[in-house]
Amino acid sequence: MDTKAMFKIGYGLYVLTAREGDKDNGCIVNTFQQVTSDPLRVCVAVNKSNHTCGMIARTGVFNVSVIAESASFDLFWRFGFQSGATVDKFADFPALRLANGVRAVDRNTNAVISAKVFQTIDLGTHLLFLADVTDALVSSDEETATYSYYQRAIKPKPQPATAAPKRGWRCVICGYFYEGEELPKDFICPICKHPASDFERVG
């Protein structure tokens, strides 16, 4: 247990992960806080409509990976913009499985915290999980990525609509516009690095 991991918690962004049966899942949250230091306890609020929320409610364990400023938009796309009901969010993605059996993101993070739920509070749209910390690891000395940092430095900037030609293909992720009748099948967006499948026909 490295209690210095708790210093990584602040006004940051986190990947909350859970496992139920053979299914691993995760989502992005920004409501993770330390509650007490002796015993070491934390809390996290999760939207009930999120599949990760239901998994934690049923299994009672979760991990939180504290996102570092080096994180790319791909991490946010994977865990924040896809549904765990239909997608394996950990496919071809480096992750480690901790002692509680739950995976944790170990790329572009600065700490990982495992917890076991001892109380669940219904907040209407969200469930608040109060939990004992069972494991804590520090993975880097990087700064934690805050929401304002994400908006300023990580989230792809959309291209101005006035600059786009009338016919072509637009990236549904960042708004980048590719001019031409046909989009190459192996095309990669130069802004957000997403494939041709994430482009829509315009014009």
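Everything numeric here is computed off the predicted structure, so don't read it as measured data. What you see below is based on every heavy atom in this structure, not just the backbone, and it leaves out hydrogens, waters and symmetry mates.
His194 and Trp77 have perpendicular rings, their planes meeting at more than 60° on a 0 to 90° scale where under 30° would count as parallel. Ring planes of Tyr176 and Phe187: parallel class, angle under 30° (limits at 30 and 60°).
Phe129 is connected to Ile113 through a chain of hydrophobic side-chain contacts under 4.5 Å among Ile, Leu, Val, Met, Phe, Trp and Tyr, so both are in one cluster. Val61 and Leu130 fall into different hydrophobic clusters, where Ile, Leu, Val, Met, Phe, Trp and Tyr are joined by side-chain heavy atoms under 4.5 Å apart, directly or via other members. Phe62 and Val46 fall within a single hydrophobic cluster, where Ile, Leu, Val, Met, Phe, Trp and Tyr are joined by side-chain heavy atoms under 4.5 Å apart, directly or via other members. Residues Val105 and Leu13 fall within the same hydrophobic cluster, defined by Ile, Leu, Val, Met, Phe, Trp and Tyr side chains chained together at heavy-atom separations under 4.5 Å. Phe76 is not connected to Val87 by any chain of hydrophobic side-chain contacts under 4.5 Å among Ile, Leu, Val, Met, Phe, Trp and Tyr, and they are in different clusters.
Checked for salt-bridge contact, Asp24 and Arg103 meet the test: a charged N lies under 4.0 Å from a carboxylate O. Using a 4.0 Å cut-off between a side-chain N of Lys or Arg and a carboxylate O of Asp or Glu, Lys23 and Asp88 do not qualify as a salt bridge. A salt bridge between Asp198 and Arg170 is absent, with no side-chain N of the basic residue lying under 4.0 Å from a carboxylate O of the acidic one. Note on Glu181 versus Arg201: salt bridge recorded, some NZ/NE/NH1/NH2 to OD/OE distance being below 4.0 Å.
With 3.5 Å as the limit, one finds a donor-acceptor pair spanning the side chains of Thr52 and Asn50. A donor and an acceptor atom, one from each side chain of Asn110 and Thr144, are located under 3.5 Å apart. Using modelled atom types and a 3.5 Å distance limit, the side chains of Glu20 and Thr59 yield no donor-acceptor pair.
Across all non-hydrogen atoms, the minimal contact from Asn25 to Gly84 is OD1-CA, 3.4 Å. The minimum heavy-atom distance between Leu127 and Ala57, with the atom names listed, is CD1-CB, 4.2 Å. What you find for Pro195 and Ile188 is that their closest heavy atoms are CA-CD1, 4.1 Å.
Checking side-chain atoms of Arg19 against main-chain N and O of Arg97 turns up no donor-acceptor pair under 3.5 Å. Looking only at distances, no side-chain donor or acceptor of Lys116 sits under 3.5 Å from a matching main-chain atom of Val133. At least one donor-acceptor pair closer than 3.5 Å links the side chain of Ser83 to the backbone N or O of Ala85. Thr146 places a side-chain N or O within donor-acceptor distance of the main-chain N or O of Tyr149, the cut-off being under 3.5 Å.
Heavy atoms of other residues, nucleotides or ligands lying less than 6.0 angstrom from NZ of Lys155 number 12 at most. The local environment of OH in Tyr147 is sparse, with at most 12 non-hydrogen atoms from other residues, nucleotides or ligands closer than 6.0 Å. Within 6.0 Å of CD in Glu182 there are 12 or fewer heavy atoms belonging to other residues, nucleotides or ligands.
Results of the side-chain hydrogen bond (donor to acceptor under 3.5 Å, both in side chains) test with Ser114 over Asn63, Asp135, Thr17 single out Asn63 as the only residue that passes.
Judged by the 6.0 Å distance and 45° axis criteria, Arg41 is positioned over the aromatic ring of Phe118.
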Given the rule in the ring-ring contact (aromatic ring centres under 6.0 Å, His included) test, do Tyr14 and Phe79 qualify, once you have shown the distances and angles that lead to the verdict? CA-CA 10 Å; Tyr14 318 93; Phe79 291 100; over 10 Å; no
